[in-house]
Amino acid sequence: MAIDETQQPLDGRWTVPDHHGRGAGTDLHDGRGPATDLDDAAGPEPRRGAERDPSQRPTALEQAGGVRGIVYSSLPVIAFVIGNSLGGLRTAIIAALALSVVIAAERLLRKESVMPAVGGVFGVAIAAGISWWTGSAKDYFLIGIWSNLALAVVFALSVLARRPLAGVLWYSMTGKGMAWREDRRTRRCFGIATILLTVIFAARFAVQQYLYVADEVGSLGTAKILMGYPLLAVGALAVAWAARASRRGPGADERTPRRP
């Protein structure tokens with residue numbers, strides 16, 4: 001009688017035939033064996049660094065470098081004002097540029113985002129260059145002053161065009177498209193947030209332009225810091241309120257598709 005060798009143990013190993021009739025050894029001593037259907041069902045192991053949901057985008061605070069980034073953005077302004085009061089325009093420019101470079105280097109050493117670091121140095125260099133070219137310390141704040149006016153006009157026009165810019169920016173960052181513009185409640189909520197942002201930018205321009213004309217360099221620096229991120233945080237809260245309030249309205253479930 002023929003002996004089926006595929007069913008007999010040889011030296012502590014079982015020979016299990018595969019689909020082609022060949023034997024695949026399974027070692028009984030080390031507990032290793034062929035993969036089962038349960039192993040296949042478990043799927044491949046997750047890749048390293050994939051723990052974070054791709055749909056979770058960084059917040060505005062994270063993009064700015066967190067609280068540390070907000071503080072860092074104010075330091076060159078303080079250095080410029082102090083340097084100007086102690087040693088004049090040349091000292092102010094050197095102090096602001098040197099401190100911005102040190103901050104950028106520190107961010108890079110901490111392996112933070114490169115863009116805030118490079119953008120900080122670039123912005124200080126442009127402001128300092130304008131001030132050096134005109135020979136006036138107050139011109140260090142010139143770009144920021146007129147940028148506020150431009151933003152106030154753009155945000156106001158977006159409300160008049162029934163395309164509130166706060167909503168455009170919010171839904172562009174969240175990747176949900178522009179279907180929200182057809183919903184009256186959503187458009188109204190983001191219109192309110194856009195109007196508040198318009199008032200913030202207009203207030204910045206009015207106060208800082210007044211101090212610019214009065215040649216109050218120290219007060220300009222103080223106003224730029226106090227009316228900077230603190231007021232922008234108020235505007236961000238208004239945008240967050242608009243996003244939440246628009247979802248609570250009638251038909252919100254139909255506007256926002258549910259995830260499976």
CH2 of W180 to OG of S246: how many Å apart, nearest 0.5 Å? 9.5 Å
Residue pairs passing the side-chain hydrogen bond (donor to acceptor under 3.5 Å, both in side chains) test with at least one member in residues 147-156, sequence neighbours excluded, are N148-R204
Could you give the side-chain donor-acceptor pairs of residues 205-226 under 3.5 Å, partners two or more places apart or in another chain?
residue : atom : partner : partner atom : Å
Y212    : OH   : D139    : OD1          : 2.5
T222    : OG1  : G218    : O            : 3.2

Does some side-chain heavy atom of L89 sit less than 4.5 Å from a side-chain heavy atom of S131? yes
Apart from W241 itself, residues in the same hydrophobic cluster as defined by side-chain heavy atoms under 4.5 Å: I192
Listing request: all ring-ring contact (aromatic ring centres under 6.0 Å, His included) pairs with a residue in residues 77-124, at least two apart in sequence or in separate chains. F80-Y140
Side-chain polar contacts of residues 152-168 - donor-acceptor pairs under 3.5 angstrom, sequence neighbours left out - could you list them?
residue : atom : partner : partner atom : Å
S158    : OG   : F155    : O            : 2.6
S158    : OG   : L165    : N            : 3.0

Answer with yes or no whether the hydrophobic clustering places M227 together with L149; edges join I, L, V, M, F, W, Y residues whose side-chain heavy atoms lie under 4.5 Å apart. yes
Begin with the C-alpha distance, continue with both residues' side-chain angles, and end with the deciding distance and a verdict on side-chain contact (heavy atoms from CB on, under 4.5 Å) for V239 and L197. CA-CA 9 Å; V239 174; L197 287 168; 4.1 Å; yes
Are I126 and I94 grouped together when hydrophobic residues (ILVMFWY) are joined by side-chain heavy atoms under 4.5 angstrom apart? no
side-chain hydrogen bond (donor to acceptor under 3.5 Å, both in side chains) pairs touching residues 75-101, sequence neighbours excluded, are none
Answer yes or no: is there a side-chain heavy-atom contact under 4.5 Å between L232 and I200? no
Does one hydrophobic cluster hold both Y229 and V199, with members joined at side-chain heavy-atom distances below 4.5 Å? no
Checking I130 against F141 for the side-chain contact (heavy atoms from CB on, under 4.5 Å) test, could you report, in this order, the C-alpha distance in whole Å, the side-chain angles of both residues, the deciding distance, and whether it holds? CA-CA 9 Å; I130 293 176; F141 305 94; over 6 Å; no
Establish whether L151 and W170 are linked, either directly or via other cluster members, by ILVMFWY side-chain heavy-atom contacts under 4.5 Å. yes
Sorted by chain and number, sequence neighbours left out, side-chain contact (heavy atoms from CB on, under 4.5 Å) with A79 holds for A95, L99
Would the distance check show the side chain of R188 and the main-chain N or O of D183 forming a donor-acceptor pair, the cut-off being under 3.5 Å? no
Rounding to 0.5 Å, atoms CG (L196) and CG (L237) come to a distance of 9.5 Å
Under the side-chain contact (heavy atoms from CB on, under 4.5 Å) rule, collect the residues that match up with I82, sequence neighbours excluded. I78, L86
Same hydrophobic cluster for I195 and F190, using side-chain heavy-atom links shorter than 4.5 Å among ILVMFWY? no
